[in-house]
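This report concerns only the one structure given below.
One-based numbering, in listed order, for ligands and for the atoms of each.
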Amino acid sequence: MPSTLEQFLLTQIREKGPISLGSFMGHALSHPEYGYYSAGDPFGVEGDFTTAPEISQMFGEMIGAWLIDIWMQMGQPAPFALLELGPGRGTLMADILRVAKGAPGFLDAAQIHLVEMSPLLQDKQKQALRGYGVQWHTHLDDVPEEGPVLIIGNEFLDALPVEQLKRTENGWQKRVIQASQNGSLELSWGDAEQALISLLPAKTQSNEVYEVSPARHNFALKCAGMIRKCTGAALFLDYGYIRRHHGDTVQAVRAHKFVDVLDKVGESDLTAHIDFETLRTLVEEQDMRVPPVVTQRAFLRTLGIDHRAQMLKNAALKQFPHHVARQKISQIDAALDRLTAPDQMGDLFKVFCFYSHANQMSPAGF
Ligand code: SAH
């Protein structure tokens, strides 16, 4: 039985012809009724995947420390906008705000804005952030541009659709989804339009797959525009490449396992790796300062995650009977390992930052 979303897509294809991979990803993730993020809570052990904030409070605490530091470097502006894109369950923001209680003036000055398209996840975020004044927006365009802004996004950029292009003897082709003979969805290639071709790197090889993401471009440009106008900084953590790369990176994950991209459409998470070199160049052209992209491991360790883990372990020893403390300590060690070990999230995940010229800032961790 095709899923409801699959039936919707097959009807679209029957009426209007094959759809691009990007449009397919857009529907699969964000269709208002059947899209992956609209229909359920995908996070955690019982869900499909676990993100860094869900692994340990230490992650959010490090991001919180980074934000407080940059806010101080900016001269402690009040008010300022604290803006998170795609906050999931709201765990990262909750950890940030808990840490920020220790920074006099920060919470009073922060106007918290969350951009989240899924009503279901907005509800989760409301529960996680009860007691704080938070404004929710479905689109980034709805966030007011009033004053200095600090923007964060963890595993947000990877959830935005990509298109795949390939140069063949028939010119540039783009990946499309069409209906097969037996009425299911199948991958194919169709002619690519100039708007997509113009996003490709200057040098390309025939028959290799290149990914471009107009959606990521738009978000990065919009964030850079806000920061240029109002001053501030942005911090994005996600998996991808520091140097431009080619190849197919689109992947589907369900219940912590890789599955076929066309299998049970709308019921698995679809993501693609980020090409950070392209995004860096893009925001540099928007007059942003852009330090070199670093690994999550390097970033979190420079910010002091090892020290923080040690503090939590010491606290566990004081607080709990020995056998419970031992258990807590091994949980803290395991979480630290997942976040920073090179064979876990440490090297695959990268940290990308850009900020305005106006302030003499030097963001921590780069
Ligand atoms: N930052 C969270 C969740 C990452 S998953 C964490 O680290 O746990 C991606 C998040 O982005 C989800 O909350 C999803 O609903 C949201 N999202 C994806 N595409 C979006 C878009 N175009 N606009 C707004 N939110 C989006």
Margin query: Give me the residue, atom name and distance of the protein heavy atom closest to atom 5 (S) of ligand 1.
Written below: Y37 OH, 3.4 Å
Note to self: When you measure from the heavy atoms of S30 to every atom of ligand 1, does any distance fall below 4.0 Å?
What the structure shows: no
Next item on the list: Run the numbers for me: atoms of ligand 1, each under 4.0 Å from some heavy atom of T51, listed by number.
Entry: 6 (C), 7 (O), 8 (O)
Item checked: Element-labelled atoms of ligand 1 that are located less than 4.0 Å from some non-hydrogen atom of G88 -> 2 (C), 3 (C), 13 (O)
Checklist line | Test: D238 and K350 ion pair at under 4.0 Å | finding: no
Notebook entry, point to check: To which protein heavy atom is atom 7 (O) of ligand 1 closest, and what is the distance rounded to 0.1 Å?
Noted result: N154 ND2, 2.7 Å
Check: Below 4.0 angstrom, N of the basic side chain to O of the carboxylate: do K166 and E208 qualify?
Finding: no
Next item on the list: Starting from atom 26 (C) of ligand 1, find the nearest protein heavy-atom neighbour and note its residue, name and distance.
Entry: F156 CE1, 3.6 Å
Note to self: Counting non-hydrogen protein atoms only, what is the nearest one to atom 15 (O) of ligand 1? Give residue, atom name and distance.
What the structure shows: E116 OE2, 2.6 Å
Check: Which atoms of ligand 1 are found less than 4.0 Å from any heavy atom of L121?
Finding: 12 (C), 13 (O), 15 (O)
Notebook entry, point to check: Where is the nearest protein heavy atom to atom 4 (C) of ligand 1: which residue, which atom, and how far?
Noted result: E155 O, 3.4 Å
Show me, pair by pair, the donor-acceptor contacts under 3.5 angstrom made by side chains of residues 103-117, not counting sequence neighbours?
from: H113; atom 1: ND1; to: H137; atom 2: NE2; distance (Å): 2.8
from: E116; atom 1: OE1; to: Q125; atom 2: NE2; distance (Å): 3.0
from: E116; atom 1: OE2; to: S118; atom 2: N; distance (Å): 2.9

Notebook entry, point to check: Considering only protein heavy atoms, which is closest to atom 11 (O) of ligand 1, and at what distance to one decimal place?
Noted result: G86 CA, 3.2 Å
Note to self: Strictly below 4.0 Å, N to O, side chains only: are D306 and R301 in salt-bridge contact?
What the structure shows: yes
Next item on the list: Could you pull out all residues at least two apart from S206 that satisfy side-chain hydrogen bond (donor to acceptor under 3.5 Å, both in side chains)?
Entry: R167
Notebook entry, point to check: Does NZ belonging to K222 count more than 12 external heavy atoms closer than 6.0 Å?
Noted result: yes
Next item on the list: Indicate yes or no: does E145 engage K229 in a salt bridge with an N to O separation below 4.0 Å.
Entry: yes
Notebook entry, point to check: For atom 18 (C) of ligand 1, what's the nearest protein heavy atom and its distance?
Noted result: M117 CE, 3.6 Å
Next item on the list: Run the numbers for me: atoms of ligand 1, each under 4.0 Å from some heavy atom of L160, listed by number.
Entry: 22 (N)
Next item on the list: Determine whether L121 and Y37 make a side-chain contact, defined as any pair of heavy atoms from C-beta on separated by less than 4.5 Å.
Entry: yes
